[in-house]
2 protein chains.
Amino acid sequence: MENEINNRDFSKIPKVVIKRLFKYHSALEKLIIDGISNVSSSELSDDVNVKASQLRKDLAYCGEFGTRGKGYEVSYLHDKLSEILGLQMEWNYILAGLGRLGRALVNYKGLVSRGFKIKAIFDISAEKIGQPYHDIMVYHIDEMQSVIQDMDIRIGLITVPADAAQSVCDKMVEAKISAILNFAPVLLKTKDKVFIERVDISREMVTLSHYLSHHECQEKD
Amino acid sequence: MENEINNRDFSKIPKVVIKRLFKYHSALEKLIIDGISNVSSSELSDDVNVKASQLRKDLAYCGEFGTRGKGYEVSYLHDKLSEILGLQMEWNYILAGLGRLGRALVNYKGLVSRGFKIKAIFDISAEKIGQPYHDIMVYHIDEMQSVIQDMDIRIGLITVPADAAQSVCDKMVEAKISAILNFAPVLLKTKDKVFIERVDISREMVTLSHYLSHHECQEKD
DNA sequence: GAATGTGAACGTTTTCACAGCA
DNA sequence: TGCTGTGAAAACGTTCACATTC
């Protein structure tokens, strides 16, 4: 697959940069809503709390989108970032584990608005299976491969308990899913080349407890 | 506040390292359950998918916990990491926004087991206010300051919609909260020195769409 | 002998500073 | 003149390799 503009290989962009590109993308969305059509690197970078030079370096991974002396055209830059981030297309996904977190994700508007579309839900609880949840059919986890067979599904979310996560991951890989967002607090291992991103709420919480333990207290009364 | 062992200042440990320390901590917990009392840097680092040299460097931020030629004593290292990560004490927190995500968090065992304890919930919906949720009282957001006045609360979680997040953040800061975990998809700004960590599910999802857009397809049938 | 702890080498990311262009 | 795009420098993080200690 070739994805280059001006010799730039988007697959080589570091993950930190991708995350910032998404911030710029979100900030640009806001500017569009506000009817602002032009923005400079320092204005945009202020909106997302980064240095202007960093914004420009980040964009340099992707191409040249601005006009010297003038800045960037908001909607043009937004479209370009959409392209690089893969947000110009629809992404179908499935979810395994219709617990509280799973339900929260199915209902999360932020995914819908970015073109992520849920196609099927999997669980093991007899009461849930067969009952559509918000119009999405719920199947037994063992049916994953056959159910998603002819759908164009490349993304799977795992919101099952930790002890079930690895087996669910294996089933997703078997079903030819190529990217997984894992919310279970375990490290998943796969033989096949699968892109796995982990979201660990305890880990984020621990950054708070570390901070509070070792930085000056605000005040003591 | 002084938090040092052998001249090491725990407040200077980079965030990436903190996150890995928590991984080691979790892996050690598993070893304890399995009854393993001694571990080498290479064994432990294999468990969490990092290089042995990195594990040792990471620990070097904190002190010297091993024995040359022998390795680390599992429970000793676990305790030391607990101390550095602030996990040896109980942390009270409050939550603003009892939506689906809020409910998922209140019920998340991973926080309880790490000593995080929810003390109050805040919302604006008349039906929710006054009805305890899982034994936690639900108050109107405007009551935050008075409600948590005499509780020892330093952490606040924000799970309200994006447009309400900044005002909730302001109220938390007013109520003397010093660390915030923000799940709303907006950048929060504060005048006071507050530690804010953001959890953004769309952002993680976009790393998947970027990956799928620009790396070789697994196969084409 | 075995495995830690750590300086030095290496690689990556951020910041600086300014050349180049509208 | 103003702001982008980019080399060069600085800061930061990771890996190597080995002296040190048990």
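Here is how names work: the chains are called A, B, and so on, in the same order as the sequence lines, proteins then strands, and each is numbered from 1.
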Report the distance from atom NZ of A:Lys51 to atom C1' of D:dA11, rounded to the nearest whole Å.
-> 12 Å
If you check the B:Pro14 side chain, which of D:dA17, D:dG13, C:dT14 turns out closest?
-> D:dG13
Expressed in angstrom and rounded to an integer, what is the separation of A:Asn38 atom CG from D:dT4 atom C1'?
-> 13 Å
B:Ser41 side chain near C:dT4 phosphate (N/O to OP1/OP2, under 4.0 Å) = yes
Residue whose nearest DNA chain C nucleotide is more 5′ - B:Arg68 or A:Lys57 = B:Arg68
B:Glu73 CD to C:dT4 C1', in whole Å, measures 16 Å
Could you give the CG-to-P distance, from A:Asp58 to C:dC16, as a whole number of Å?
-> 15 Å
Using the test side-chain hydrogen bond (donor to acceptor under 3.5 Å, both in side chains), find all partners of A:Arg103 that sit at least two apart in sequence or belong to another chain.
-> none
Is there a salt bridge (charged side-chain N to carboxylate O under 4.0 Å, His left out) between A:Glu174 and A:Lys171 once you walk through the steps?
-> CA-CA 5 Å; A:Glu174 233 177 90; A:Lys171 289 195 172 83; over 6 Å; no
Considering the options A:Leu21, A:Val17, A:Leu44, which one meets the side-chain contact (heavy atoms from CB on, under 4.5 Å) requirement together with A:Leu59?
-> A:Leu21
Side-chain contact check for B:Tyr72: nearest option of C:dT6, C:dT4, D:dC22 is C:dT4
Measure the distance from CZ on B:Phe65 to P on C:dT4 and round it to the nearest whole Å.
-> 14 Å
Those residues at least two apart in sequence (or on a different chain) that pass salt bridge (charged side-chain N to carboxylate O under 4.0 Å, His left out) with B:Lys19 are A:Glu204, B:Glu197
What's the CD-P distance between B:Gln54 and C:dC10, to the nearest Å?
-> 19 Å
Base, sugar-phosphate alone, or nothing: which one does B:Ser40 contact when heavy atoms must sit under 4.0 Å apart?
-> sugar-phosphate
At under 4.0 Å, does any side-chain N or O of A:Arg56 touch on OP1 or OP2 of D:dG7?
-> no
Protein-nucleotide distance (A:Asn49, atom CG; C:dT14, atom P), rounded to Å | 15 Å
Between P of C:dT4 and CD of B:Glu64, the distance in whole Å = 12 Å
Parallel, tilted or perpendicular: which describes the rings of B:His78 and B:His25, with under 30° parallel and over 60° perpendicular?
-> parallel
5' priority, DNA chain C, between A:Lys70 and A:Arg20 [closest heavy atom] = A:Arg20
